[in-house]
Amino acid sequence: MDLKLYDTLAREKRTFVPIDPAAVRMYVCGPTVYDFAHIGNARPVIVFDLLFRLLRQLYGAEHVRYVRNITDVDDKINARAAERGISIRELTEKTYGEFAADVAALGCLPPTVEPRATEHIAEMTALIEKLVAAGHAYVEQDHVLFGVPSMTDYGALSKRPLDEMIAGARVDVAPYKRDPMDFVLWKPAKPGEPGWPSPCGIAVPGRPGWHIECSAMSWKHLGETFDIHGGGIDLVFPHHENEIAQSRCAFGAPAMANYWMHNGFLQVEGEKMSKSLGNFVTIRDVLKDWPGDVVRLNMLRTHYRQPIDWTVKGLEESEKVLSSFFDVASSEAEPRPAPAVLEALCDDLNTPAAIAAMHGLKNAAGRKALAGTLAFFGFRREALADWRTAHAPAPPIPVEEIERRIATRIDARKAKDWAESDRIRDELAALGIVLKDSKDGTTWEVAR
RNA sequence: GGCCACGUGGCGGAGUGGUUACGCAGCGGUCUGCAAAACCGUAUACCCCGGUUCAAUUCCGGGCGUGGCCUCCA
């Protein structure tokens, strides 16, 4: 079955052909570890986890290499560490641990490699030396800058013609830039900032610019050209554009990655998420109220390139849908997802269509296929059940009292005293306890 | 201001140049002492204005609305 992926560079869906089917390679921009990740950060993590799973299904688990970096050198990190009076390393390690736990709760597999920027300084400086040697970068006032005009087709990914950008540049241009569009590859470390020996004969210690780390780490772990590069749509410009410039110019390669994939943005209850609006939602906040698998399904109910509005109503619906799946899925699962689901996912990761196909499996004939599909998606029955147990609301009166009243009601029903039976049921309902009569007896649960 | 997306039934959300998406809610039914749950069935849609076409929600142009980028934010 052909896999089709929407390529931002080509602006169309293209049939996926890996460079080497025995070693499919994907790079996704990961978190800057200075604070809890928010729900918007969770979108690419979940989306590309699903793509990772799909690629493993199509090419074999041992034939897919997924790299997601950890940015542990950054202005925000420095500022936060100083603010809390802890070391940078302490902050980044703690934050990474929190991120890893959040992501695991969302049902995501660990990537094959999670490289840290600070452990790839040597690759970065090597890349910078290459760029200077090739005439694509220059040294000025202890900075190394990438000379954008040296790359004739700069701007292809974001479809920004060079001349228009220069005309539109309104910000103050740093004095060490030869061209307003030039961007920093390396800069001197200020006192108190982390620094490393600089490249290109610069005497003072320095630190990398933002974009160079991804070029360095993808090179180290995936090679000069690889298959898929992913991230949020907001990274198209300038981050990915600059990554392309660095990598292609350093290696003289026609492409950095053959497929560029970008997930759409997320809003919260119809509004842009921001700290000033007070609707800034961390993954951790959401996991307090909802099982990770519900959060995962809620994210996947919308196609990854569409904007998504994150709402409580949506989460409620997702919980109902996921529960309905597990209610009918058999405990014995097929080892692979259902063909109709796979077909939907192969069409540029069409998760809404895949979920629709899963609804079609909610019958006796589809129970094993549904179980296999849920497992493929990363949904875990036990995780959902465990969360429910841990978060079950406590009944307002003792369990023995509830059971005593139910016993009384059963006697009343045996005597066909419906008035008394309904009175007891109504009383419990008023306390938030819902009764269900079946042939096997009466069960109860606390309404959410 | 420049560039780029998106606008589908009460809600969420796919897709398509002419024929059912799917789900949630609602409604009707089966079951039940009556309910709940479960199961079966079911109405409602394609932002506005032009154009292309035998035919447009689907293609093209314009408008309006929402969002993103252009300021190291997924």
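Just so it is clear: chains get the letters A, B, ... in the order the sequence lines come, proteins before strands, and each one is counted from 1.
- Phosphate proximity of C69(B) to K159(A): absent, as no side-chain N or O sits under 4.0 Å from OP1 or OP2.
- Among G23(B), C73(B), C34(B), the nucleotide with an atom closest to any side-chain atom of H359(A) is G23(B).
- Side-chain atoms of R11(A) stay outside donor-acceptor range of the base of C4(B), with no qualifying N/O pair under 3.5 Å.
- If you check distances only, the side chain of R305(A) never reaches the base of A5(B) with a donor-acceptor pair under 3.5 Å.
- The side chain of N242(A) places no N or O atom within less than 4.0 Å of a non-bridging phosphate oxygen (OP1 or OP2) of C72(B).
- Cation-pi geometry between R381(A) and F325(A) is not met: the NZ or CZ atom fails to fall both under 6.0 Å from the ring centre and inside 45° of the normal.
- Residues H262(A) and H229(A) bring no donor and acceptor atom of their side chains to less than 3.5 Å of each other.
- Listed nucleotides G68(B), C22(B), G7(B) differ in distance to Q306(A); the shortest reach to its side chain belongs to G7(B).
- Nucleotides A43(B) and U53(B), compared at atom P, are 36 Å apart to the nearest Å.
- Put simply, K436(A) has no side-chain N or O that comes within less than 4.0 Å of OP1 or OP2 on A38(B).
- Summarising the geometry, the separation between CH2 on W260(A) and P on C4(B) is reported as 20 Å, rounded to the nearest angstrom.
- Rounding to whole angstrom units, CH2 of residue W310(A) and C1' of A74(B) are separated by 14 Å.
- Taking for each of P352(A) and A357(A) the nucleotide of RNA chain B with the nearest heavy atom, the 5'-most of the two is the partner of P352(A).
- Base pairing annotation: A55(B) forms no Watson-Crick or G-U wobble pair, as no partner gives both donor-acceptor distances under 3.5 Å.
- Candidate nucleotides A74(B), A14(B), G33(B) were compared by shortest atom distance to the side chain of R413(A), and G33(B) ranks first.
- Considering only the side chain of D75(A), C72(B) comes nearest among G33(B), C72(B), G68(B).
- At a threshold of 4.0 angstrom between heavy atoms, the contacts of K320(A) are confined to the sugar-phosphate backbone, with no base atom among them.
- In this structure, D234(A) atom CG and U71(B) atom P are separated by 14 Å, rounded to whole Å.
- Spacing of P atoms, C59(B) relative to G7(B), comes out at 10 Å, to the nearest Å.
- The side chain of R425(A) has A35(B) as its nearest neighbour among C69(B), A74(B), A35(B).
- Counting non-hydrogen atoms under 4.0 angstrom, T443(A) reaches nothing in the nucleic acid.
- Between the D72(A) side chain and the T92(A) main chain, no donor and acceptor come within less than 3.5 Å of each other.
- The side chain of N350(A) sits closest to A14(B) out of A14(B), A74(B), G33(B).
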Between the protein and nucleotides 10-12 of chain B, which nitrogen or oxygen pairs are less than 3.5 angstrom apart?
| from | atom 1 | to | atom 2 | distance (Å) |
| --- | --- | --- | --- | --- |
| C11(B) | O2' | K313(A) | NZ | 3.3 |

Protein-nucleotides 42-46 of chain B N/O pairs closer than 3.5 Å?
none

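- The aromatic ring of F265(A) stacks onto the base of A74(B), its centre lying under 5.5 Å from the centre of the six-membered base ring with the two planes under 30° apart.
- One atom, CH2 of W444(A), and another, P of A37(B), lie 18 Å apart when rounded to the nearest Å.
- Side-chain atoms of D74(A) and T71(A) include no donor-acceptor pair closer than 3.5 Å.
- A cation-pi arrangement, defined by a distance under 6.0 Å to the six-membered ring centre and an angle within 45 degrees of its axis, is absent between R296(A) and F377(A).
- One can place NZ of K362(A) at 10 Å from C1' of C24(B), the figure rounded to the nearest angstrom.
- Contacts of H262(A) with the nucleic acid, taken as non-hydrogen atoms under 4.0 Å apart, are absent.
- A gap of 16 Å separates the C1' atoms of U44(B) and G28(B), to the nearest Å.
- For the pair K76(A) and Y34(A), the distance from NZ or CZ to the six-membered ring centre is under 6.0 Å and the angle to the ring normal is within 45 degrees.
- As rounded to the nearest Å, U20(B) and G13(B) have P atoms that lie 23 Å from one another.
- Only the P atoms considered, U52(B) is 48 Å distant from A74(B), to the nearest whole Å.
- Straight-line distance between the P atoms of U57(B) and U19(B): roughly 10 Å, to the nearest whole Å.
- With sequence neighbours excluded, no residue satisfies salt bridge (Lys or Arg N to Asp or Glu O under 4.0 Å) with D309(A).
- With C1' as the reference atom, C73(B) and G65(B) are 25 Å apart, rounded to whole Å.
- The residue R207(A) sits apart from the nucleic acid: no heavy atom pair falls under 4.0 Å.
- The N263(A) side chain lies nearest to A74(B) when the options are C22(B), A74(B), A14(B).
- Exactly one of E243(A), K220(A), E123(A), R248(A) qualifies for a side chain to side chain contact (heavy atoms under 4.5 Å, CB included) with S215(A). That residue is E243(A).
- Paired with Y304(A) under the rule side-chain hydrogen bond (donor to acceptor under 3.5 Å, both in side chains), one option of D348(A), T351(A), N350(A) passes, and it is D348(A).
- Nucleotides U58(B) and A21(B) place their C1' atoms 15 Å apart, quoted to the nearest Å.
- Using N1 to N3 plus N6-O4 or O6-N4 for Watson-Crick, or N1-O2 and O6-N3 for G-U wobble, each under 3.5 Å, G26(B) pairs with U42(B).
- Regarding R409(A), its CZ atom lies at a distance of 16 Å from the P atom of U32(B), rounded to whole Å.
- When only modelled atom types and interatomic distance are considered, D142(A) and Y176(A) share no side-chain donor-acceptor pair under 3.5 Å.
- Comparing C22(B), C69(B), G33(B) by their closest approach to the side chain of A356(A) singles out C22(B).
- Comparing G33(B), G67(B), C6(B) by their closest approach to the side chain of P307(A) singles out C6(B).
- Side-chain atoms of W219(A) and S247(A) form no donor-acceptor pair, as typed in the model, at a separation below 3.5 Å.
- Atom CG of N279(A) and atom P of G67(B) are 13 Å apart (whole Å).
- Straight-line distance from the CD1 atom of I233(A) to the P atom of C70(B): 12 Å, rounded to whole Å.
- Side-chain contact annotation: S158(A) with E241(A), donor-acceptor N/O pair under 3.5 Å present.
- Test L3(A), N263(A), L5(A), L51(A) against L349(A) for side chain to side chain contact (heavy atoms under 4.5 Å, CB included) and you get one pass: L51(A).
- At the heavy-atom level, I355(A) lies nowhere under 4.0 Å from the strands shown.
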